[in-house]
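Here's the structure we're looking at; comments come further down.
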Amino acid sequence: MTADDRGQANLVALAVALVALVSATTLGVVVADGALADADRDPDDRRAATTVADRFVTAEATTVRPNVIDADALPSFTPARLDALAPPVQGHDVRVRVGETVVVDRGNPTGGVTVRRVVLVASKTDRTREFDVADGTEVTLPRRSPRVDLAFSANSTVTTVRANGRVVLHDPDGLDETRTVALSRYETTTLAFSGGSGAVSATSYPRQTRKATLEATVGD
Amino acid sequence: MRRFDGRPSDRLAADRRALTPAIGKALEVGVVVIFVGVLSTSLYGGFVPEYRTAVGDEVADRTVVSAAERIEAAVPPAAREVRSVTRVDLPTSIRGANYRVVVDGRALVLEHPASDISAQTRLALPGRVAVITGTWESGADPVVLIEDSPDGLVVRLTDRRAVADGLDGEGSA
Amino acid sequence: MTEPPANRGADRGQLSLSVVEAGVGVLFLFAVTTTFALGLPDAGAQEAQLDAYAEDTAAVLSREPPRHGGATRLSEMTRSRAAFEREHDALERRVTRILPENLMYRVVTPHGAVGFQRPTNAPTGRTTVPTLSGRVTIWVWYA
């Protein structure tokens, strides 16, 4: 019988088999380590980034209305204000960017979670036009504006001003000085002057909007 | 007598074999048993508890973030009289142990018996919310109870049975 | 002289059983390793981001002043079939301008749809806006 030969070869084969098993186990442990590191979803950073983006886009302090960011509120934004606006981001590195400009920066959050939102950025401009009005003159403001400041000359005798048919200013003694009229945001406004004549300087504040992407990156 | 089959074993005398098959097998069994023992010890003693703790830490992170989001979503819009009870889903145990979720100021903290597992996150609640209190024990039915108070809204983390007991005459939900 | 039958039996089975067993063990370990090497399913992070994009688009569209009449651009478009026919080119241009370049979209209104075909195998984000004449659904996905 060759049983004794197999007995010898069996031990060697066994040793080889055990070595193979050990290396397979080690490989498995290494892969498991990698998979565990991959499975880390950073839930805290993701929550902070989502909250920052959401608050930036809806809060009163930064927006004209939801999804429209006020460009004038951006330059003075500090990390402390961001902490008050979105508490989950306290203690994290964060960077908030609107379009190309970095609005808030603290630490170095590269490699963290980024959340993006689509917003419009509204910057205030003002336009002043001067014209002479008589009874029945109509002037259309070409851009929508939340309000218009009408400055009447000292000797004007205009008694009534209508905006889109609605009476907004009325003074039987003649309007003078500067009055502010609130306007509809959804329609272009046509001002109708009646009752007299005079020189009027109208200052309107149209908002210029441009599209931008808001990026909030939060790291550890 | 001579044999003609030429098998090498026949050329060896009986006492020249290195091991008998029985002892060979016994050695094999012994080696395998030792190997299995050493491997099990090293795995269960070193790697496995470490991995379980790492996974427990990750689950704790996700749990606390999900709980915080549910609490924030449970705050109702501004109204005159508010009382709302919202159910929240929490895992029954983390790393095989029961844990607690407590409130620390304006932050939600997960406390776990294993010292390596902990998680916390700050809550982002509107200014109407005056106070957040309460604790959640894992394994019970966690709910968020929001009520009005003279100072504002009070957010309380409690159990569904505690809320049901407080509803006089309405029975348990 | 016939050879003993055990002679032929000695040529079989030289493969040691230990090696076979070890082979099976190694294969088993590889199978276990593969289950966690192939990775876990991705969370809804992409879908959440796409949902946010869709909601932002809906918010911007529903607050925009209309081109002709109606309260907002969206309600103007959904008023009637004729209004939809007239406005849908402008809507397409507007949505293309609003969204970042790597996104594709589909806007479904009660009178028709604008945009690309929805993919079946990619994560998509959606949002629904109620208007007077029905619901407008916006789908967004990565190109």
Side-chain angles (χ1 to χ4, degrees), chain A residues 1-26 28-33 35-55 58-60 82-92 113 218 220, chain B residues 7-10 12 14 16-36 38-40 42-43 46-48 50-69 72 105-108 110 119-127:
Chain A
M1 301 288 150
T2 54
D4 52 337
D5 285 348
R6 266 182 277 155
Q8 296 284 341
N10 256 351
L11 270 181
V12 171
L14 184 70
V16 168
L18 291 183
V19 165
L21 276 178
V22 164
S23 43
T25 309
T26 313
V29 165
V30 164
V31 169
D33 219 6
L36 184 65
D38 256 348
D40 183 14
R41 287 189 204 154
D42 274 332
D44 209 16
D45 293 346
R46 190 172 301 277
R47 178 175 128 84
T50 315
T51 310
V52 163
D54 196 50
R55 292 287 166 102
T58 54
E60 297 260 344
L82 186 66
D83 280 346
L85 185 71
V89 84
Q90 285 173 24
H92 291 262
V113 176
V218 174
D220 282 320
Chain B
R7 276 174 298 182
S9 61
D10 290 340
L12 292 170
R16 291 262 192 102
R17 278 182 291 178
L19 292 166
T20 62
I23 298 192
K25 280 292 175 207
L27 259 180
E28 274 178 40
V29 168
V31 166
V32 169
V33 165
I34 292 178
F35 171 75
V36 168
V38 164
L39 201 60
S40 304
S42 72
L43 281 182
F47 289 125
V48 170
E50 226 178 80
Y51 278 118
R52 289 185 71 196
T53 308
V55 170
D57 202 31
E58 175 73 17
V59 172
D61 261 341
R62 293 186 197 178
T63 304
V64 89
V65 162
S66 141
E69 285 173 354
E72 287 169 13
R106 286 265 173 168
L108 208 63
L110 190 141
Q120 67 173 38
T121 183
R122 276 201 179 73
L123 288 167
L125 294 170

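Just so we're on the same page: letters track the sequence lines, and every chain starts at 1.
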More than 12 non-hydrogen atoms from neighbouring residues, nucleotides or ligands closer than 6.0 Å to CZ on B:Phe35, yes or no? yes

For A:Asp83, which residues count as a salt bridge (charged side-chain N to carboxylate O under 4.0 Å, His left out) partner, sequence neighbours excluded? A:Arg106

Hey, what do you get for CZ (B:Arg62) to CZ (A:Arg46), rounding to the nearest 0.5 Å? 10.0 Å

Identify which part of A:Thr25 has an atom lying under 4.5 Å from any heavy atom of chain B, answering side chain, backbone, both or neither. side chain

Which portion of A:Arg55 sits near chain B, non-hydrogen atoms under 4.5 angstrom: side chain

Hits for salt bridge (charged side-chain N to carboxylate O under 4.0 Å, His left out) against A:Asp54, two or more places apart or cross-chain, chain-then-number order -> A:Arg117

Which portion of B:Ala68 sits near chain A, non-hydrogen atoms under 4.5 angstrom: both

Heavy-atom closest pair, residues A:Pro43 and B:Asp61: CG-CB, 3.6 Å

Under 4.5 Å from a heavy atom of chain B, the part of A:Leu18 involved: both

Of all heavy-atom pairs linking A:Val29 and B:Tyr51, the shortest is O-OH, 3.3 Å

Between B:Glu58 and A:Leu36, is there a donor-acceptor pair closer than 3.5 Å when you use the side chain of the first and the backbone of the second? no

Rounded distance (nearest 0.5 Å) linking atom CD of B:Glu72 with atom CZ of A:Arg47: 4.0 Å

Option in A:Asp40, A:Leu85, A:Asp42, A:Thr50 with maximal non-hydrogen atom pairs under 4.5 Å from chain B: A:Asp40

What distance do A:Asp33 atom CG and B:Phe47 atom CZ have between them, rounded to the nearest 0.5 Å? 8.5 Å

Measuring heavy-atom distances to chain B, does A:Ala32 have an atom under 4.5 Å in its side chain, in its backbone, in both, or in neither? both

When every non-hydrogen atom of A:Pro88 is compared with those of B:Arg122, the smallest separation belongs to CG-O, 3.5 Å

